[in-house]
Number of protein chains: 2
Amino acid sequence: MNFGEIVLDRSNNIPLYRQLVEHIKAAVAAGELSEGAKLPPIRALAATLKVSPITITQAYDLLAVEGVTGGQVGRGTFILAQASTFQASNSALIPLIREESPAYNSAASWQQELTSHLKPTRVAEFSRLTQAAMSRWNGPAADFISLTSGSPAPELFPRSRFSRAMEQAGQSLENEDDSLLQYGPPLGDPVTRTWLANYLTRFEIQANPADIMLTTGSQQGIDLIARVFLGPGEPVLVESPSYTAALDILEQRGISWLPVPLDKDGLQIEQLSRLAERYHPKLLYCVPTAQSPTGQTLAPERRRRLLELARRYNFLIIEDDTCNEFYYEDNRPPAALKSYDTDGHVLYVKSFSKQIFPTVRLGAIVAAPFLLEKLAEAKQVFDRATSLPLARTVMKYASSPGFERDLKSICSTYRTRRNAFLAALEKELSGTGASWTHPDAGFSLLLTLPRSLNSAEVHQAAAARGLGVQPGPVFYPSASDGVGMLRLTFCDNSPARLEEAARRLGQTLRELHSRRPSPARLVSVV
Amino acid sequence: MNFGEIVLDRSNNIPLYRQLVEHIKAAVAAGELSEGAKLPPIRALAATLKVSPITITQAYDLLAVEGVTGGQVGRGTFILAQASTFQASNSALIPLIREESPAYNSAASWQQELTSHLKPTRVAEFSRLTQAAMSRWNGPAADFISLTSGSPAPELFPRSRFSRAMEQAGQSLENEDDSLLQYGPPLGDPVTRTWLANYLTRFEIQANPADIMLTTGSQQGIDLIARVFLGPGEPVLVESPSYTAALDILEQRGISWLPVPLDKDGLQIEQLSRLAERYHPKLLYCVPTAQSPTGQTLAPERRRRLLELARRYNFLIIEDDTCNEFYYEDNRPPAALKSYDTDGHVLYVKSFSKQIFPTVRLGAIVAAPFLLEKLAEAKQVFDRATSLPLARTVMKYASSPGFERDLKSICSTYRTRRNAFLAALEKELSGTGASWTHPDAGFSLLLTLPRSLNSAEVHQAAAARGLGVQPGPVFYPSASDGVGMLRLTFCDNSPARLEEAARRLGQTLRELHSRRPSPARLVSVV
């Protein structure tokens, strides 16, 4: 095999090291590399292919774990005997199938009879809708613009700084106390909790490290609270619309929803008060800052009144504060609900998925001792404690000045995108009858369709024009709500693509409108 | 402050960097270091105190996250204005309390009325017993020998190799595909799953990467399976005795236990067959190799028959295989149950807590596609996916030759300890009437007390002699069982301490026996 002839496609989504793995496996399959053949040294091949030596190292690592190659330090990397039985796959994103794959007897009838206790989930519906949209698009995949993901912008991920933090965290653990590497405290690494207690003062939260429990993210935080404090049939207040993942988690407990409508200042407190008085709810789940999906902020005066109601009617509040760092207005965001909490009603839930990158998987719960004690017991039962190496890595990165600079820069990029998107909607949707929320913060806005249209048909028609939008019903506690709504996200596309997206949406709405029978014809048909 | 006068105590359990932090905070509190005072450069202080520069770096990091110091790259580290309000604590293991601690109104009556839906747990009972034992010991803490922890031996933790793996994993993520850093596949990092599919062949398991889902440990694996496949009242087969954490998790689902007795070859298959025929169980939870707490191994012929029964009565099997790597006999351990699985009944659960260190928190489930699909949906709902940086770190360490060498060395150390402990029990308990299991593998054995004694009184009397033992009932699905049993762990103490522990246990049993009324006197009293 002539390694100089390998062509790596930099415009391709598949990382270079995976492309290289596929080339080498194809050569093995084709007999161009046989047992005992030696691969070029890392630096030599990096120079030949004009890539970083890290790319070659990653490719060689993956070949080794797949059993294609073996080697010895100082002697090089060799093709193994059994490697020729490996199949080359065209895309490394397809799971790499091993020859000795188990063949389960799929005819066994018991498999069909097996019932699942998981209630139907929005996350599955989400995934079905995404696939349906893609299947209606005939153009190149790169031209499809998705306003559905809610993911942070990958070009802003702090890759090298996070890598350095992993190295530093590893060094710090070399000398760490045995007790922390053992099963350790269920609240998680005390050094990370000490840092976090300080970090949270920016939201005006005063917490001890002992008031904080580390979790694998805000979802695990919500889930632990639900498992400890909610039982079947118990009434739960929730913003309507709300965050899909939280709705999914809470519904698994078999609770009853008490949806509270929103206006531009967030939760309508009078409505909430009437519901609380009548139904004695156990808990309220809410996102006071960067509300999901509206992007709105709960006004300070309403925060104060909300805590009064919690004290009067004795309900707990989950304050999900995942996106507080991404506030786009000139003033400061209001102090966290938790800062108004005098009697311990507020369970504050945090995550670093948007601030670092989503598969980091670190979050926290801040709660009064009498609540955290029970949550810590649950954490011990269900997954013992959150990973020390992971927590320490996040702490090393997030306590560095680089993190603060990164946050500022990400927030500024997102602000620019929000502004571009709002301006484009204003321009492209004028006269369609659509309206939308003004997101002070966060990743998305909620759009109200013209009266004659529903979100399912808009979803379909937009997909055919290369635009992904999210129909409203998955965001509502009651599935019959939200049929006239769309959620649109704006953080992970460039201003140019957001403008093109607004254009496609405008075209879609006008096209659907023009196909409608006129009111006069509608009457004559009826 | 004269930094040269700081004395760090190397014989102390508190890590050196934490001792240094306490010295500096004490100096701030005493006014010896005031606002703006500059701390010595890292290398200079390391030389003065004769410690590694890493120790100084860790201390300075912790001071910074606590807000005691601030600094700027190139200018040094300074004491901050507000630092003098920090209290110095004598032990850095006490959570570091910040001055602005929230004072919740503890008089609020609603706190007492709040009910928890968590059923009573063995983990809480475990912790209560440990504290009770320590409170009965008047000698120095270091002289107390605990045979209760089930933790791996900390002196064998691969600290420097794991640190290197964190660095390598960080580098590998710098060039990784965006899609993996985003919310990513619910099954977890495909590179780690590819490595794991190969790793599992040593247990004769043939799996595709797509048959594997990464979890935060075996506990999360068991919990996800329980949440998806078990509902209230459903009958569940279990070894009696069994692993406490699994009993805790499964009981949270409100299931009904079908306990199956064990003999020296593991689960008694005839009994299991009768229970399966009569009660149609939904699932069996078992630890076929390195059974917890007996340390015994399920015989190969019984493994084959067990799978026949699963096929006949259509029950699922959770095979918890956490300690398979620690098998001490000369032959190889039997192939995993999963390797006998033709129809997809076996859900294989793995963890790396004992092979690396417990707060790593990485594990996996291996299951047939029609089961894993449901588990992946549950994982997405409850905590999205397992951390990529963490998974990649474990993969980097565990795919290196150093890991295989470490495993061999750990296994050999544990074998020596097991042999020393068995020999010591033989010597010190002869004539007491106690008997115990022979652990082929794992971390513990189960001891049957002489008939006249119960485990609660032995627990108390042993604690007064400086010995921690675990009473039997927490290991049994039915709390009334196990009163004549003790679990004793042997991996995290030296042979000399294990011999001393056996001596103390022998003394305890003889002392309790001598206090018993003789049968003749007993009759006269009655």
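Because only heavy atoms are used, hydrogens play no part in the values below, and waters and symmetry mates are left out as well, while side chains stay in. The sequence lines fix the lettering, A, B, ..., with proteins before strands; numbering per chain opens at 1.
Your options are A/Ser399, A/Ala124, A/Ala169, A/Ser160, and the one with the most heavy-atom pairs under 4.5 Å with chain B is A/Ser160. Note: B/Pro358 leads B/Pro158, B/Pro358, B/Gly170 in heavy-atom pairs under 4.5 Å with chain A. Between chain B and the options A/Glu377, A/Met395, A/Arg122, the largest number of non-hydrogen pairs under 4.5 Å is found for A/Glu377. The most heavy-atom pairs under 4.5 Å with chain B, out of A/Ala368, A/Gly217, A/Gly184, come from A/Ala368. Contact count versus chain B (heavy atoms, under 4.5 Å) is highest, among A/Lys396, A/Arg227, A/Glu155, for A/Arg227. Interface remark: of the candidates A/Leu224, A/Asp492, A/Val191, A/Val191 forms the most heavy-atom pairs closer than 4.5 Å to chain B. For the set B/Gln171, B/Arg311, B/Gln380, B/Glu174, the entry with the most heavy-atom pairs within less than 4.5 Å of chain A is B/Glu174. Heavy-atom pairs under 4.5 Å with chain B were tallied for A/Leu230, A/Leu362, A/Thr244, A/Thr393; the largest tally goes to A/Leu230. The most heavy-atom pairs under 4.5 Å with chain A, out of B/Pro369, B/Gly231, B/Ser339, come from B/Gly231.
With rounding to the nearest 0.5 Å, the separation of CG in A/Leu390 from OG1 in B/Thr359 is 11.0 Å. Note: B/Glu167 CD to A/Gln168 CD = 10.5 Å, rounded to the nearest 0.5 Å. For the atom pair A/Met166 CE and B/Ser163 OG, the distance stands at 10.5 Å (nearest 0.5 Å). With rounding to the nearest 0.5 angstrom, the CZ atom of B/Phe162 is 7.5 Å from the CG atom of A/Leu173. Between the CZ atom of B/Arg361 and the CG atom of A/Asp383 there is a distance of 6.5 Å, given to the nearest 0.5 Å. Here the CD-NE2 distance, from A/Glu234 to B/His117, works out to 4.0 Å after rounding to the nearest 0.5 Å.
Between A/Tyr183 and B/Gly150, the closest heavy-atom pair is CE1-O, 4.4 Å. Across all their heavy atoms, A/Val381 and B/Thr121 have their closest contact at CG2-CG2, 3.5 Å. Between A/Phe370 and B/Leu114, the closest heavy-atom pair is CE1-CD2, 4.3 Å. Across every non-hydrogen atom of B/Thr115 and A/Phe229, the tightest pair is O-CD2, 3.9 Å. Across every non-hydrogen atom of A/Gly344 and B/Tyr104, the tightest pair is N-CD2, 3.3 Å.
The shortest side-chain heavy-atom distance between A/Arg384 and B/Ser351 does not fall under the 4.5 Å cut-off. In this structure the side chain of A/Phe357 never reaches within 4.5 angstrom of the side chain of B/Asp178, judged on heavy atoms. Inter-residue side-chain proximity for B/Asn175 and A/Thr55 is flagged as met; some heavy-atom pair is nearer than 4.5 Å. The side-chain heavy atoms of A/Arg159 and B/Leu181, taken from C-beta on, include a pair separated by under 4.5 Å. The side-chain heavy atoms of B/Tyr17 and A/Ser172, taken from C-beta on, include no pair separated by under 4.5 Å.
A donor-acceptor contact shorter than 3.5 Å links the side chain of A/Ser387 to the backbone of B/Val360. Of the possible polar contacts, one joining the A/Gln182 side chain to the B/Pro152 backbone as a donor-acceptor pair under 3.5 Å is found.
Proximity to chain A is absent for every atom of B/Leu187, based on heavy atoms less than 4.5 angstrom apart. When heavy atoms are compared at a cutoff of 4.5 Å, A/Phe382 approaches chain B by way of both its backbone and its side chain. Interface remark: A/Arg253 contributes side-chain atoms only to the contact with chain B (heavy atom separation under 4.5 Å). Both the backbone and the side chain of A/Val228 have a heavy atom closer than 4.5 Å to some heavy atom of chain B.
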